[in-house]
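Just so it is clear, the structure is predicted and the values come from calculations on it, not from any experiment.
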Amino acid sequence: VPVYGIAREMYGRRVGLLAAALLVAYPALAAATPIWGTMTEPLYFLVAYAGLFFALRALRGGGWGAHLAAGALFGLTYLTRGEGIAYIAVVGGALALVRLFERRLLSPAVWPRLAGMLGAFVLVALPYWVYLRVETGQWMISGQAGMTFITCISLAYGDAAGFDRATWGLNAAGNEVVFFSPDIVEFSMAQYVVAHPGEFAALVVQNVRDFAGTLLSNRMFPVLLLPLLVLGGFGAAWDRRRAKGELLLAASALPVFSFLLFFVQERYIAAILPLLVIWLAAGVDRWGTWLAETWERLAGRPAAALWRGVAVAAPAILLVALFVAMLPRVATGTSVGSFRPAHREAGLWLAAHDGDEPTVMSRYPAIAFHAGARWVPTPNAEPAQIMAYARSHGADYWVLDERETASLRPQLAGVLGTDQPAGLRTLAELDDAGERLVIFEVTP
């Protein structure tokens with residue numbers, strides 16, 4: 001709905017309908033990103049583009065309602081995913097920049113509304129900031145920035161084991177995993193960059209290459225669509241009204257580029273895809289208009305209204321058909337990471353074995369979820385350290401996936417064999433394509 005609204009506001013009702021039709025069938029959004037990872041993506045896209053729609057309405061003479069709605073929705077975007085804070089900065093900044101060029105920024109009819117937009121954002125975000133202050137003793141806009149940076153350095157170079165150690169290893173005190181340790185908020189990304197400028201520059205260069213390769217892939221935005229994208233943007237001359245709108249749309253793409261400082265992954269940069277679909281729809285409309293106008297000039301007479309409609313609809317139908325044909329391949333090729341149905345089976349086995357809401361230690365939270373249990377993460381540590389951690393956190397069971405021991409945690413391979421630490425009792429083994437999931441009871 002917000003994508004339709006943005007496209008209609010920018011290019012007219014026909015392009016709005018085209019954008020909605022293309023978006024529904026777009027492979028990466030319909031069959032890839034939404035079924036991978038944390039499932040924050042659908043909500044994030046919704047509130048981000050709804051905020052962009054109201055910001056566009058505010059640009060086009062909208063009153064207090066449009067400004068306040070944009071600010072509040074960008075606040076919800078930030079609460080959904082931390083990088084969402086960039087929307088209020090870049091889209092709100094673009095809106096202020098337009099007013100500055102118009103020499104209206106300090107007008108009594110402009111600056112109070114822009115301030116209200118920022119105020120609505122702060123009002124929505126403030127409870128989270130207060131929570132972070134209470135929990136950490138510091139004022140911060142995110143508890144994740146340092147954590148994301150230090151753990152994603154390994155992922156940027158394809159080192160999954162390094163990522164696992166940086167995220168799920170034990171902290172300096174040995175009493176908590178790094179991801180849940182209060183120590184992580186003490187890490188300063190800025191200090192790290194100053195201390196390691198060469199390493200940081202190499203990381204950014206690597207991420208730029210990965211960004212281009214990931215985005216311009218058949219799974220995300222196939223290269224063959226680029227001509228239509230260019231046609232949508234530059235197939236007709238801009239007037240001032242459109243130029244202002246395009247500035248706002250271009251600004252909305254900037255939050256995605258923040259991942260060049262961290263790590264590039266499909267679901268991280270997929271937020272740009274609805275915007276590309278809007279420009280794609282404008283390109284389809286320009287293509288169809290060219291067909292109709294070319295026919296008129298070749299035939300020497302105006303085309304019938306029906307023919308003009310067919311000329312625009314035909315390329316759109318062709319594109320939707322292409323997208324639908326791509327859906328099965330994109331769906332089957334979508335990586336679900338390290339999660340698999342066997343984790344659910346292990347959880348259900350535990351639920352049947354112990355219905356008293358036990359505490360389950362595992363690398364994968366889905367196991368505890370399906371067991372109806374409290375989850376404790378398995379540290380990436382030596383078996384003796386893990387047992388001490390399990391007891392200190394009240395773990396009743398430990399579920400070990402053999403896949404963990406293959407590359408991420410080879411030091412645990414013996415636990416699945418004859419080198420079990422004291423305090424473990426094997427309860428069950430589940431087989432999944434030749435790989436075992438072993439359920440242990442943690443005994444006193």
Problem - Side-chain (Ser181) to main-chain (Val177) donor-acceptor, under 3.5 angstrom - result: no
Exercise for the section: Look only at the side chain of Arg81 and the backbone of Tyr44, and say whether a donor-acceptor pair between them is shorter than 3.5 Å. Expected result: no
Exercise for the section: On the 0 to 90° scale, with breaks at 30° and 60°, tag the Tyr78-Phe121 ring pair as parallel, tilted or perpendicular. Expected result: tilted
Exercise for the section: Answer yes or no: is there a donor N or O on one side and an acceptor on the other, between the side chain of Thr294 and the main chain of Leu291, under 3.5 Å? Expected result: no
Exercise for the section: Look at the aromatic rings of Phe259 and Phe262 and report parallel, tilted or perpendicular, splitting at 30° and 60°. Expected result: perpendicular
Exercise for the section: For atom CZ of Arg363, decide whether the heavy atoms of other residues, nucleotides or ligands shown that lie under 6.0 angstrom number more than 12. Expected result: yes
Exercise for the section: Could you tell me if the ring centre of Trp375 sits under 6.0 Å from that of Phe369? Expected result: no
Completion exercise
Between Ala25 and Val324, the two heavy atoms sitting closest are CB-CG2, 4.2 Å
Handout entry: For Leu229 against Leu276, the heavy-atom pair lying closest together
Key = CD1-O, 3.5 Å
Exercise for the section: Report the C-alpha separation of Trp168 and Phe180 in whole Å, then their side-chain angles, then the decisive distance to 0.1 Å, and conclude whether the side-chain contact (heavy atoms from CB on, under 4.5 Å) test is met. Expected result: CA-CA 9 Å; Trp168 301 114; Phe180 292 140; 4.1 Å; yes
Problem - From CA spacing to verdict: side-chain contact (heavy atoms from CB on, under 4.5 Å), Asn380, Leu408 - result: CA-CA 8 Å; Asn380 187 332; Leu408 299 180; 5.6 Å; no
Exercise for the section: For side-chain contact (heavy atoms from CB on, under 4.5 Å), just list the numbers for Arg14 and Thr289, CA-CA rounded to whole Å, side-chain angles, deciding distance to a tenth of an Å, and then say yes or no. Expected result: CA-CA 11 Å; Arg14 187 168 64 195; Thr289 301; 3.6 Å; yes
Problem - Lys/Arg N to Asp/Glu carboxylate O, Arg297 vs Glu293, below 4.0 Å - result: no
Exercise for the section: Measure across Ala316 and Val284 and return the closest heavy-atom pair with its distance rounded to 0.1 Å. Expected result: N-CG1, 3.7 Å
Handout entry: Test item: Arg8 side-chain N/O and Leu17 main-chain N/O as donor-acceptor pair under 3.5 Å
Key = no
Exercise for the section: List for me each residue that meets side chain to side chain donor-acceptor pair (under 3.5 Å) alongside Arg241, sequence neighbours excluded, and say none if there are none. Expected result: none
Handout entry: Worked verdict on Glu246 versus Trp238 for side-chain contact (heavy atoms from CB on, under 4.5 Å)
Key = CA-CA 9 Å; Glu246 294 290 358; Trp238 293 6; 3.8 Å; yes
Practice task
Go through the steps to decide whether Glu266 and Arg219 satisfy the test salt bridge (charged side-chain N to carboxylate O under 4.0 Å, His left out), and finish with yes or no.
Solution key: CA-CA 9 Å; Glu266 286 182 352; Arg219 290 176 43 75; 2.9 Å; yes
Problem - Arg133, CZ atom: more than 12 neighbouring heavy atoms under 6.0 Å - result: yes
Handout entry: Side-chain donor or acceptor of Arg165 paired with backbone N/O of Gly169 under 3.5 Å
Key = no
Practice task
Might you confirm whether atom OH of Tyr364 has over 12 heavy atoms from other residues, nucleotides or ligands at distances under 6.0 Å?
Solution key: yes
Practice task
Could you tell me whether Gln191 atom CD has more than 12 heavy atoms of other residues or ligands within 6.0 Å of it?
Solution key: no
Practice task
Would you tell me whether Asp401 and His343 have side-chain atoms, one donor and one acceptor, within less than 3.5 Å of each other?
Solution key: yes
Exercise for the section: State, to 0.1 Å, how close His370 and Ala351 come at their nearest heavy-atom pair, and which atoms those are. Expected result: O-CB, 3.9 Å
Exercise for the section: In plain terms, say whether Arg374 and Glu357 are close enough for a salt bridge, that is, a side-chain N and a carboxylate O under 4.0 Å apart. Expected result: no
Handout entry: Pair Phe323 + Tyr26: ring centers closer than 6.0 Å
Key = yes
Practice task
Taking Asn207 for its side chain and Leu260 for its backbone only, find out whether a donor-acceptor pair lies under 3.5 Å.
Solution key: yes
Fill in the blank from the handout: Output for pair (Trp279 CH2, Leu228 CG), nearest 0.5 Å, gives 14.5 Å
Exercise for the section: Give a yes or no on whether the backbone of Ala395 and the side-chain of Thr359 come within a donor-acceptor separation of less than 3.5 Å. Expected result: no
Handout entry: Proximity of Phe211 and Phe257 rings by center, below 6.0 Å
Key = yes
Problem - Short side-chain to backbone donor-acceptor contact, Tyr87 and Gly71, under 3.5 Å - result: no
Practice task
Look at Arg436 together with Asp431 and state whether they make a salt bridge at an N to O cut-off of under 4.0 Å.
Solution key: no
Exercise for the section: Please answer whether the main-chain N or O of Thr214 pairs with a side-chain N or O of Ser217 as donor and acceptor at a distance below 3.5 Å. Expected result: yes
Practice task
Decide, yes or no, whether a salt bridge links Glu435 with Arg340 under the criterion of side-chain N to carboxylate O below 4.0 Å.
Solution key: yes
